[in-house]
> 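Provided herewith is a single structure, encoded as structure tokens, for subsequent inquiry.
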Amino acid sequence: PTPPEGETRPVFTLLLPPPNVTGSLHMGHMFEQTQMDVMVRWHRMRGFITLWLPGTDHAGIATQLMVERQLAKEGKKRRDLGREKFIERVWEWKRQYGGTITDQMKRLGASVDWDREYFTMDENLSRAVREVFVRLYEEGLIYRGKYIVNWCPRCETAISDLEVKHEEVAGKLWEIRYPVIGTNEFITVATTRPETMLGDTAVAVNENDERYKHFHGKKVLLPLMNREIPIITDELAQPEFGTGAVKVTPAHDPNDFQAGKRHNLAQIDIMDLNARMNQNAGPYAGLDRYEARKQVLTDLQEQGFLVREKDHTLALGKCDRCGTVVEPRLSEQWFLKIKPLADRAIEAVETGEITIVPENYKQIYLNWLRNIYDWCISRQLFWGHRIPAWTCSDCNEVIVARETPKKCKCGSEKLEQVADVLDTWFSSGLLPFTTLGWPEKTRDLNVFYPNLLMITGFDILFFWLARMVMFGCHFMQGHHQDPAIKKASGEGDKKNDSVPFRHVYIHALVRDADRQKMSKTKGNVVDPLDIIQRFGTDATRFTLAAMAAPGTDIAFNESRTEGYRAFANKIWNAARFMFMNVDRLQTNLRPGRTAEGGSSCKGIADFRAKTLEDRWILSRFNRVTKEVNNALESFRFHEAANRIYDFFWGEFCDWYLELIKPRLAEGADKTAAETACSNLVNLFDAYLRLLHPVMPFITEEIWQALHEGQTAQKSIALAAYPQPDEEQYDLPAETNMAILQDLIVSVRNLRAELKVEPKEKIPIEVFSHDAETGNLIQDGREAIERLANVKTISAVTESRARQVPSRSTARFDVHVIYERKIDVTAECERLKKELEKIEKGIASSQRQLGNEQFLAKAPANVVEGLRKQRQDLGVLQEKAQSKLAELGCG
RNA sequence: GGGCGGUUAGCUCAGCUGGUUAGAGCGCCUGCCUUACAAGCAGGAGGUCGCAGGUUCGAGUCCUGCACUGCCCACCA
């Protein structure tokens, strides 16, 4: 719902890049949507009013292609049906299959606002498209004209420069000689498309090219066609390239078209809309362009005009949609004068009104806009937004209007709407404002425009993103977002609200495990629904988030997902452990019943830090919370995911749960058990909230069970996202915990080495280097015994470092008492390795500490740290050496 | 022809603004069904950070060149 006037909460608006109706969900969608959903949920939980607006795109060519294929099975073409019937079929198709992708989306857990779902051909959006077109036309930014455009002979339509994909192919360059009239000489031209010679209307040479000076003003006889055409001088011909003379075909080449204009040459169109030769091609009429090429070459050869053929690699332009080789074609089209719009779009990014992350895309964006050509916006398709223009059959007047005009100004009523439709991207470029009710001045626009964020892939940086900026800045000029909301959203200082979005995050592309682009034709498409089926949505989302390092394409790898399925399982089991204890203790420990109400709290509610492990985990949780929030702030999804993962598995499960077990155990002190359990519950609750944006399903399920409807919020999605409380950082607790962990690991290590029976408890002796450590170990006695499987701990007053088997750190030496002999060779080996490492460390720290420059220039804490390290290493070195001596290692 | 990335453990990848002895997951080796979890637990092996220079007290991190690789852009016949 639209927030009313007076709303002072921040607003987060995000527009879903609308998938094509024809589409089915692929990994790229899921990747993109996972990142968006993480952002949306994160903002929502932090108290933003969020709008994530979904919709689908009518996708002109793509959709038409689908229906055409259907028709082809019935042996029909679209023109057999005619526009109206055809469009009916498309709508029919849309009704039947168009929902596929949105249905699939629902399984990703994407928390979009389905109530607002739109389709780009909806009436209100179509009306906005007409409005935009008419305004641009009235402003003189849209014009119509006969130009060379990229033409797809299969789709039978013009396409924009962006829709042409160039592909390097090994082709040929043919040299053809044209007889110069009135001489015995020939002039030789080179071409990669010999069939176009049929439409030649001149031969160009460079004015300064000495070789051809004597031909100036002469004519040649065009072979095969026996047409006289002039030799012109034009910069089109560059002396260095080929023969220095070039054939000019104004109707079939953009450069030649320009040259033709300069010299007033005739334009002879020799092809039809399917790139077959027409009557103008004389005897070649009816041939397909490649058949014609073959025939032309044969004939030239026979008649002695073909000089030679050379290998030549060329960049062949192909239709992005269907792969057919594009043919430059002269035709009447509609264009958008792009420069004025581009200038403003450049400014918006240059001045920081829009920020782009990662930053290198900023340059790419700017370069493109700086070198932009007018945009051909008309398409000769049936499916799409009809161009709101009519021509009068009596006076040829063109009328551009919002609604169908009744009659022409000449009085005639014979008006016919222009057959063309608009490029799909024309309408998608308008979505940031048209989906919010434009051209009406709606409250929605007031509140939700500009979007706070735009997340999309670089593959549509130009197609879509740049156009949204151009259109947004143009049509929303003078727009002001509700100031209270703007301020609350943290954008109070940005003056201009005409931009469609304030921040852009460009995500990477998902590739297959071999880094290949996924495509249907390659057959390497990984179906996200299949992955979800096998590993679960949460695990799949987590995989994508964890791999989403900005700027780096990701190679989707199932083994990672397998690992994150295990993670989900781990969470599940930890939750079981928690519930087990809650149930057993039979107390009101649900977080929903605590004083602070659990989830409305931005940290851990009611956490009572009684013990070292409590203080430690509280401190760690807050630090991790800080790291996660920071990471999300800068779109480092992978970092957020990894912190969340490591904390839970490596700290919470591996240590905290193990450490509190005695307190929870049967027969333990009831009050202490309840405190421990309550802490556990509240910590778990907070953790679930931290994790929720990435793994919405499992967190919701456990959270619901945890709260049992006892809380004001209906869903964890509306609970508060954890925020760090730096007061709860506890460095001493973290340091001490690390010492205990070291000790426990050392003992486990020794046990493994000595191959102590797993069940056998053994006595250990610990020498502490300082009283503090001694006390710590004394206090941690129970934990050490349990987690290291130790029988007794004796504090000794003399270092046992020399004795084998033992382990040493800078704080303690630990020696296990166990009669089995160690493997001397192996132990020597290990000690030597260890010593080597230590000495390497000593050498490097020694080198630096001996360097006056270092002491003078490095920051104090670095120097201090290094000194400390040097000292510790010295101690360890000595210990290792004496052990080696004791063992008598060679 | 321009531009942008990547090159770190067997595999897939982290390593943000240069600062202690470079990390994770998977895989591998050893041992464990320890009453939340064998999708698990404990321990372990494994890297001269693509190559060559340079800047710096200090470089996986910054600069230059090279190699390999991927991508984007481009109306030279």
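Quick note on labels: first sequence line is chain A, next is B, and so on, each numbered from 1. Since this is a predicted model, take the numbers as computed values, not measurements.
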> List the residues meeting side chain to side chain contact (heavy atoms under 4.5 Å, CB included) with A:Ala640, not counting sequence neighbours, and say none if there are none.
A:Val628, A:Ala631, A:Leu632
> Using the P atoms only, state how far B:rC49 lies from B:rU61, rounded to an integer number of Å.
10 Å
> On a whole-Å scale, what distance lies between the P atoms belonging to B:rC29 and B:rC68?
38 Å
> Among all residues two or more places apart in sequence or in another chain, which pass the ring-ring contact (aromatic ring centres under 6.0 Å, His included) test with A:Trp368?
A:Phe462
> In whole Å, what separates the P atom of B:rG54 from that of B:rG40?
49 Å
> Just call it for A:Val745: base, sugar-phosphate, or nothing, with non-hydrogen atoms closer than 4.0 Å on any strand.
sugar-phosphate
> List, with names and distances, any nitrogen or oxygen atoms from the protein found under 3.5 Å away from nitrogen or oxygen atoms belonging to nucleotides 59-63 of chain B.
none

> Is it true that the side chains of A:Glu163 and A:Ser160 contain a donor and an acceptor less than 3.5 Å apart?
yes
> Can you name the residues that form a side-chain hydrogen bond (donor to acceptor under 3.5 Å, both in side chains) with A:Asp209, not counting sequence neighbours?
A:Arg211
> Describe the nucleic acid contact of A:Ile148 in one word from base, sugar-phosphate, nothing, applying a heavy-atom distance below 4.0 Å.
nothing
> Run through RNA chain B and report every stem of 3 or more consecutive Watson-Crick or G-U pairs, distances under 3.5 Å, ordered by first number.
B:1-7 with B:67-73, B:10-13 with B:23-26, B:28-32 with B:40-44, B:50-54 with B:62-66
> Check every strand shown and say whether A:Gly244 touches a base, only sugar-phosphate, or nothing at a heavy-atom separation below 4.0 Å.
base
> How long is the line joining CG of A:Asn581 and P of B:rA36, in whole Å?
8 Å
> Rounding to an integer number of Å, can you tell me how far A:Lys759 NZ sits from B:rA42 P?
17 Å
> Do A:Arg636 and A:Ser634 pair up side chain to side chain, a donor and an acceptor below 3.5 Å, judged on atom types alone?
yes
> Which nucleotide in the set B:rA14, B:rC73, B:rG43 lies at the smallest distance from any side-chain heavy atom of A:Ala549?
B:rA14
> For residues 642-650 of chain A, tabulate all N or O donor-acceptor pairs below 3.5 Å that involve a side-chain atom, not counting sequence neighbours.
residue	atom	partner	partner atom	Å
A:Asn642	ND2	A:His638	O	3.1

> In this structure, how many angstroms lie between the C1' atom of B:rG2 and the NE2 atom of A:His166, rounded?
14 Å
> Here's a test of your reading of the structure: between A:Met578 and A:Ala245, which maps to the more 5' nucleotide of RNA chain B?
A:Met578
> In whole Å, measure the gap between the P atoms of B:rA9 and B:rU48 for me.
9 Å
> Taking the side chain of A:Asn360 as heavy atoms from C-beta outward, which of B:rG43, B:rC4, B:rA39 is closest to it?
B:rC4
> Once you apply a heavy-atom cut-off of 4.0 Å, does A:Arg576 come out as touching a base, just sugar-phosphate, or nothing?
sugar-phosphate
> So if I take every side-chain heavy atom of A:Asn569 and compare against B:rA14, B:rC72, B:rA39, which nucleotide ends up nearest?
B:rA39
> Using whole Å, report how far CD of A:Glu852 lies from C1' of B:rG58.
16 Å
> Hey, is A:Lys832 close enough to A:Glu836 for a salt bridge, meaning N to O under 4.0 Å?
no
> Using a 4.0 Å heavy-atom cut-off, does A:Leu855 contact any base of the nucleic acid, only the sugar-phosphate backbone, or nothing at all?
nothing
> Suppose you measure atom P in B:rU12 against the same atom in B:rA22; what distance do you get, rounded to whole Å?
23 Å
> May I ask you to say what A:Ala237 touches in the nucleic acid, namely base, sugar-phosphate or nothing, with a heavy-atom cut-off under 4.0 Å?
base
> Between B:rA77, B:rU30, B:rC75, which nucleotide has the shortest distance from any of its atoms to the side chain of A:Lys755?
B:rU30
> Of all the nucleotides listed (B:rA36, B:rC75, B:rG46), which has the minimum atom distance to the side chain of A:Lys833?
B:rG46
> Could you check whether the rings of A:Tyr656 and A:Phe652 sit parallel, tilted or perpendicular, using 30° and 60° as the cut-offs?
parallel
> The criterion is side chain to side chain contact (heavy atoms under 4.5 Å, CB included); which residues satisfy it with A:Glu666, sequence neighbours excluded?
A:Arg584
> Please state whether the base of B:rC4 and the side chain of A:Tyr361 form at least one donor-acceptor pair under 3.5 Å?
no
> Base, sugar-phosphate, or nothing for A:Arg636, non-hydrogen atoms under 4.0 angstrom?
base
> So, using side chain to side chain contact (heavy atoms under 4.5 Å, CB included) as the criterion, who are the partners of A:Asn629 when residues are at least two apart?
A:Trp42, A:Arg46, A:Thr625, A:Tyr721, A:Gln723, A:Pro724
> Which part of the nucleic acid, if any, lies within contact of A:Lys165, taking any heavy atom under 4.0 Å across all strands shown: a base, the sugar-phosphate backbone alone, or nothing?
sugar-phosphate
> Walk along nucleotides 19-25 of chain B from 5' to 3' and tag each nucleotide B, S or - by protein heavy-atom contact under 4.0 Å, base first, then sugar-phosphate.
BBB---S
> Under 4.0 Å, heavy atoms only, any strand: does A:Glu627 hit a base, just the sugar-phosphate, or nothing?
nothing
> Please tell me which of the listed nucleotides, B:rA14, B:rG44, B:rC37, lies nearest to the side chain of A:His638?
B:rA14
> Got a sec, which residues hit side-chain hydrogen bond (donor to acceptor under 3.5 Å, both in side chains) with A:Arg748, two or more places apart in sequence or on another chain?
none
> Taking CD1 from A:Ile364 and C1' from B:rC72, how many angstroms apart are they, rounded to a whole number?
7 Å
> Between A:Asn789 (side chain only) and A:Pro758 (backbone N and O only), is there a donor and an acceptor less than 3.5 Å apart?
yes
> Apply side chain to side chain contact (heavy atoms under 4.5 Å, CB included) to A:Ala641 and list each qualifying residue two or more places apart in sequence or on a separate chain.
A:Phe542, A:Ala545, A:Ala546
> Output every pair passing side chain to side chain donor-acceptor pair (under 3.5 Å) with a member in residues 194-206 of chain A, not counting sequence neighbours, ordered by first then second residue.
A:Tyr178-A:Asp200, A:Glu195-A:Arg293, A:Thr196-A:Lys247, A:Asp200-A:Lys247, A:Asp200-A:Thr249
> Which one, B:rA36, B:rA42, B:rG15, comes nearest to the side chain of A:Asp654?
B:rA42
> For B:rA39 and B:rC28, measure between their P atoms and round to the nearest Å.
14 Å
> Please give the distance between the C1' atoms of B:rG27 and B:rC71 as a whole number of Å.
30 Å
> Check this for me, if you would: do A:Glu327 and A:Arg289 make a salt bridge, where the nitrogen-to-carboxylate-oxygen distance has to be below 4.0 angstrom?
yes
> Send over the distance from A:Arg534 CZ to B:rA39 P, rounded to a whole Å.
17 Å
> On the nucleotide B:rC73, are OP1 or OP2 found under 4.0 Å from the side-chain N or O atoms that A:Asn371 carries?
no
> How long is the line joining NE2 of A:His507 and P of B:rC72, in whole Å?
14 Å
> Where the side chain of A:Trp649 is defined as all heavy atoms beyond and including C-beta, which of B:rC41, B:rC71, B:rA77 is the nearest nucleotide?
B:rC41
> Within this structure, what is the CG-to-P distance between A:Leu314 and B:rA74, rounded to whole angstrom?
16 Å
> Expressed in whole Å, how much space separates the C1' atoms belonging to B:rC13 and B:rC72?
24 Å
> Quick check on B:rC41: is either OP1 or OP2 less than 4.0 Å from any side-chain nitrogen or oxygen of A:Lys570?
yes
